[in-house]
Every structure is written in C-alpha cells, then in structure tokens.
Number of protein chains: 2
Amino acid sequence: MRAPTLTDVARHAGVSYATADRVVNARGGVAEKSAERVRRAIAELGYVRNVAAANLSQGRTYRFAAIVPKGQDTIFSKMQGLLEREREKLALDRVELLIEQVEAFDPRQLADCLARLDRDGIDAVSLVGTNHPAVIEAMTLLRARGATIVTLVSDMPEEARDAYVGIDNAVAGRTVARLIGMAHGGQPGRVLPIVGAMTARDHAERLAGLREVLTETFPDIRLLHQIEGRDRPELVAARVGAALEAEKGITAIYSLGAGNPGLIEILRERSAPAPRPVVVVHELLEHSRAALEEGLIDVVIDQRPEDEIQRALEIMRRGADRLPPDPVAPLGAAIYVKENLPPEMGAKTGDD
Amino acid sequence: MRAPTLTDVARHAGVSYATADRVVNARGGVAEKSAERVRRAIAELGYVRNVAAANLSQGRTYRFAAIVPKGQDTIFSKMQGLLEREREKLALDRVELLIEQVEAFDPRQLADCLARLDRDGIDAVSLVGTNHPAVIEAMTLLRARGATIVTLVSDMPEEARDAYVGIDNAVAGRTVARLIGMAHGGQPGRVLPIVGAMTARDHAERLAGLREVLTETFPDIRLLHQIEGRDRPELVAARVGAALEAEKGITAIYSLGAGNPGLIEILRERSAPAPRPVVVVHELLEHSRAALEEGLIDVVIDQRPEDEIQRALEIMRRGADRLPPDPVAPLGAAIYVKENLPPEMGAKTGDD
DNA sequence: TTGTACGCGTTATCAT
DNA sequence: ATGATAACGCGTACAA
C-alpha cells in the first residue's frame, strides 16, 4: 500500500488540495468546519508529511549553527574539530553548518552571537548551557521564530531550550566513587578532589555524587576538602603539590574539572614513591590520553563528544524537518582505562 | 548560491539531461567523449546527487531487514525489542523494517532466510556474523544485487559484508583484566574465567585479551583454567559451584559468555562468606542489572546494543541512498557499575 | 547514441 | 474562504 498523500487527504475530506495544506501547515483562513473534516481525514488515513518532498519543493538548505567556547586542548576544542568534520557529511544532505566561536564564560558575547544568528534566519543552534538573563532572552527570541535550540555539556532551564545533550554529572561522581572504592580493595584511604570552582554547576554535582557514595558505601575512605584549581594548569599544579606535602596518606585523586596538565606534571615528578594514589580525571584529550598510556593516571571519564554532537545534530535536523522530537536515553559517560582507549581519529590514515 | 543540479551539469557539458543522467547512474550507452565532458562538468561544478529528490521521484520506500537469533533474556532479545521500537521512526522516513527470527547457531536457516529476502528484493540486511559457506554464498548473491549487508556483534570476512558493527572483543578482555587488577589493589589473586565455548571467536578473543594483560601487568594475579558453560545457566551453575569448592582462593570471576543467571544464582547462595570475589560479566540484561543493583556482581561490560542498531541502520540507509560509507570509529563497550546504570527504557512512562 | 517530457508530494503564488 | 497550478531535482519511459 502506497503511503497516503495530502492529495488523498483532500479528496477524502472533500476539499481542495490547498485547503488541506492550509490546515496541515496552520496557515489559517480556513472555516472551522472544513478544518475539522481535514483533521478527521488525516487521522483516518494516517497521513504523514513527506519531508523529502517538502524540502525539495522549498529548494531549501537548512542552516545550523554550533556555538563553541574558545580554549585549546579542552573538551570544546575537541568538539570544534569534530564539528568541522561533520560539515561535509551534512552538506550532502543540504545542511549548512556554521561554527561560531565565543570567549568562554562570557554571557554577553554569547547573547550577541545568538542575536546575530537570529538576524541571519538560522534554523537550529547548539550551545553550551549558560545561565544568564541575556542569554535566555536571546534564546527565547530565536525559538519564537521556530528555531530549535540544543544545550550541550551543561544544561539550562527546560523552558529555555528544546533539548539537552550531555552526561548526568551526579552519576559521573557516583561512578568515580565506586571505581575508587573498588581500587581500595577493602582498605581505608583518603580522597583528594580537585574542582575548577564550586560555582560551576557540573563540578558541584560531580563532587556531591562522589561524596554520597563514599559515605554510603565506602565509609573507610575519607573525602578530603576540595582543592580549587580554577581550571588552570599552573594553579592546579601548585595547589596539588602543596596538598600532597601537607596531607600524607592520600590514596586517591579525583580531578573533576579542567587544568589537568598541571596535575599530570606533578604526578610525573613524584612517580617514584610507589604506590602512587589512584587517579581519575575527566575528558579524554591529548594530555589525559598520554598520561593514561604512560601509567600516570588510572581512569578517564569522558563525555563522548562524538556522540554528543551526533545527537545534537540529529535533534536539530528533526526540529528543522518539523518532526516530533524522539525521546532518547540520556547519554552515558565512557570509562577509559589504559586498555580500552579508542584509536586516535586525528589525521586521516594517509595510506592503506 | 544554489547547489548545482544535474540539469546544470548537462548544460555545462553541452549534452542533454538524459545523457548526463546515464553517466551519473552508469547506465551505459554513452560515447566516451560525451561521458568525459559530463565527468568534467560534475567535477567543476561540484555536483552532488540530491537524495531526497531521487527518492521522491521513485516514490520508493526502502525495505530493510534485520535477522535476529532467537533466545530470551539475551543480547539478541534485547536487540529485537530495540529494533521494533525503531520501526515507527523509520516509517516516517519511508523505510520499512522487517525483523526476521532464526534459530541461534543454525547456518542453514540463516542462509535460507537470506535467500528469501533476496527474492523479496530487500535493500539492506543486518545479521549476526556466522562463518559458514552457505551463509557467505547467500550474502554474495544479495550484495551482487546491490543490497547492503552489515554484520552485527560478530564479524565475518571483509569481502563478505559491507560493514561490521560491534565491539572489539580482545579490547574487552584486556579492559576487564585492568579492572580486576585495580580491584586487587596490589594484592595477589586468582581469576576464574567462564566461557561459553572456546570455539566461539568472540569468547576466545576476550579470554586472550584477559590473559595478555594479566601476564604483562598483574603477574601476581593467576589465571585459572576456564570453565565451559555452553551459555546454559544450569551448566554454569553446576560447574562454577564445583570450581568454588575445589579451588579455594578465587578472588575474581569473569564470565565472558552467556548463561549468567546460573552464575548469579550460585553467588546469591554463597553471598555470606565475605569478602566475595570480584565479579565481571558481559551484557546488561534484566538479570545482570538486578545482580548489579543487588551487589552480587561488580561490573557489567555491555555492547550498547542501542548504539549498535543505530549505527547499523545508518549504514544501511547510506547504502540504500548510494552514498559513500563514512568511516566511523569502532564502537566502544560500556562499563557499568551499580552507580551508572542507565534508566530502564522498558515500558513507556504511562503518565506525564 | 542522444534527447524530451512526465510524475513523485510538497510549498508558495496567484486567481476566484 | 477556497481552488488551481507552477516550480523543486531526479528517475524513467519513450521518441528520434
């Protein structure tokens, strides 16, 4: 059986094609009586709009934008690289992808960028969630025009966005607690947490998760007071170094923010006095991958930016095609040890 | 700038639309001179075939098939459920998905099923890789017709299929070794591996990976001789019970095949004599999830069938649309502990 | 060997 | 408030 077309619907409802179209696309100017008949016909025949035909007739190429904070060797720089690689694939499907850079932690710049994209008539946007009135207002305007907005990595109030793509940070913290607990094999210990800043929602959530499970399940492992590294390597190095001097029995370190090159530097210096503490950090990047391979750290928790981007783009596409968003399971973080590192997808293989 | 159409190409090459079409779709019957001009025009204009328009004109709905082995509370039953859920989503894009059941480990039935699908003119097929001449022959016939074939979970020779979607089993074994090693916290131990059968390629690979890393990195942890459970719960229960009696100092158990309900039963009976061994099993299913929540086991390695299916379908779609396959990173296995279990996506939420 | 013209289902424009 | 119809880009049947 052929899928019913809008022509079928119109015939079934006893109206012209144009009238049926007006109902489907909510263009208005239709007598309630006719509209009702069309709606019934749609239900009875099980009509579904043919996206391919719709896009064809409009001759339209969608325009998506991804707003990425600046910063090198961070989760964001990695995302940017991945996005650039998605471009050509999207081009085949007539989707143009704009990648916009903004200064990290600068809500004004972010809001301005959104406003600019609004003027350009963009169809969908993804951004790293940032709770600030100006940002929320710019997003509201965009969405009023029908654009789809996806928050990435860090979420915002539900009303402000169409979807959130990212990991559950409390779960990440709890998981790390379990792994650290297992690595103690029943022995007591002390865990040193390193945060960027406790004002960052994701950092606070991770730490809370860690604390919960340590308290409930591993009461012999004590949680020390956190170090604030402001996500800056030099600061992290200095403060971790000091902490390791001051506090002697540290059996585990959990770095739940950025600035890990600083931590790794300290660990390399002190690699001699075995057994070194169990070390867990976030995000699989150049430096953390190297440290894992070198045996300086034990576990990396990763957001899997590849999948995040995949999903974000899928949501944007569905929004642009005016399809209902489909409920997907929340994204789980990956757990990497030395043995299950993914192959580096950096440069193309060249030969083969 | 509007994307160039085949009409543009034809004009640019100074030939008719039909001639350009013949070149693009390799229909033959074109003078080499004309063909060359068309190819040049394509390159110069950067023409890309508009898939949406092509599908529209053919009024065609793609037909995909997924062949799934029978078996309850296994990775396959889970996949079947997931596939059924994909059906409606696919229907929106005019793709019909057939789900075919076959007896597990029955190459003849599998080959027959493939032949039947071939007669039906199917566009793409996914199946669990099974190395058998009859299966390979049926696949060859299908592919000769232009159908795309994806092997799932277990691979086959490269020439026989278009793509493999599944985890790297050696990596899985190595990863488990690391986790078990970490859980020993420097202490010595003995690991009991449970396989289905050493003839199963994936089982053998996992065990080999385990052995490698234990030998290299954790020489104090001894690998005991494996138990063969034939993937059957009763057999696993009996043999594991016997092994635990005979061998006293077991500190870890790695079940790398199926039949885990049997293992879990034994563990529940013996939960008293703490500390129990570290237990790692494969596949997140009802029983393994429950055991993890109950604290009877410690780690579950999962293939993430959701993602496997997603990818397999994406590859099939690209094949059907005659797009070049895009190189994707191999799928990584998920590591689950009690704290990072994904929400159960079983029944629909009912309310809200 | 080459060229023409129609239909696919939708959108958008121009009548009535 | 309603209806008719020309695109959109591709595949294909048919004509030359």
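In what follows, chains are A, B, ... by sequence order, proteins preceding strands, each numbered from 1. Just the heavy atoms: all of them, side chains too, but no hydrogens, waters or symmetry mates, feed the values below.
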Chemist: Under 4.0 Å between any heavy atoms, over every strand shown, what does G29(A) touch: base, sugar-phosphate, or nothing? Just pick one.
Modeler: base
Chemist: One thing to verify: whether D8(B) and R11(B) come together as a salt bridge, which I'm taking to mean a side-chain N less than 4.0 angstrom from a carboxylate O.
Modeler: yes
Chemist: Taking only N and O in the side chain of N25(B), is any of them less than 4.0 Å away from OP1 or OP2 of dG11(D)?
Modeler: yes
Chemist: Would you call R116(B) and E100(B) a salt bridge, using N to O less than 4.0 angstrom?
Modeler: yes
Chemist: Answer with base, sugar-phosphate or nothing: what part of the nucleic acid does V51(A) contact at a heavy-atom distance below 4.0 Å?
Modeler: nothing
Chemist: Quick one: R11(B) CZ to dG9(D) C1', roughly how many Å, whole number?
Modeler: 13 Å
Chemist: Would you call D155(A) and R161(A) a salt bridge, using N to O less than 4.0 angstrom?
Modeler: yes
Chemist: Is R311(B) salt-bridged to E314(B), going by a charged N under 4.0 Å from an acidic O?
Modeler: no
Chemist: Rounded to the nearest 0.5 Å, how far apart are CD1 of I149(B) and CG of D162(B)?
Modeler: 6.5 Å
Chemist: Report yes if at least one side-chain N or O of Q58(B) is closer than 4.0 Å to OP1 or OP2 of dC10(D); otherwise report no.
Modeler: no
Chemist: Once you round it to whole Å, what is the distance between P of dG11(D) and CG of N55(B)?
Modeler: 9 Å
Chemist: Closest nucleotide of DNA chain C for L6(A) versus for A18(B): which of these residues is on the 5' side?
Modeler: A18(B)
Chemist: How would you label the contact of R37(B) with the nucleic acid (heavy atoms, under 4.0 Å): base, sugar-phosphate, or nothing?
Modeler: nothing
Chemist: Tell me which nucleotide among dA1(D), dA4(D), dT12(D) gets nearest to the side chain of S16(A).
Modeler: dA4(D)
Chemist: Donor-acceptor pairs under 3.5 angstrom involving side-chain atoms of residues 36-46 of chain A: please list them, not counting sequence neighbours.
Modeler:
residue	atom	partner	partner atom	Å
E36(A)	OE1	R39(A)	NE	3.4
E36(A)	OE1	R39(A)	NH2	3.3
R37(A)	NE	A13(A)	O	3.3
R37(A)	NH2	A13(A)	O	3.1
R39(A)	NH2	E32(A)	OE2	2.7
R40(A)	NE	E44(A)	OE2	3.3
R40(A)	NH2	E44(A)	OE2	2.7
E44(A)	OE1	H12(A)	NE2	2.9

Chemist: With hydrogens left out and only the distance checked, is there a donor-acceptor pair under 3.5 Å joining Y17(B)'s side chain and the base of dG11(D)?
Modeler: yes
Chemist: Once you round it to whole Å, what is the distance between C1' of dC14(D) and CG of D21(B)?
Modeler: 14 Å
Chemist: What is the 5' to 3' range of DNA chain C, first to last nucleotide, that sits under 4.0 Å from any heavy atom of chain B?
Modeler: dT1(C) to dG9(C)
Chemist: Rounded at 0.5 Å granularity, tell me how far CZ in R145(A) sits from CD1 in I122(A).
Modeler: 8.5 Å
Chemist: So does R22(A) reach the base of dG3(D) with its side chain, donor to acceptor, closer than 3.5 Å?
Modeler: yes
Chemist: Taking CG from L56(A) and P from dA7(D), how many angstroms apart are they, rounded to a whole number?
Modeler: 14 Å
Chemist: Could you check G14(B) against S57(B) and say which one's nearest nucleotide on DNA chain C is further toward the 5' end?
Modeler: G14(B)
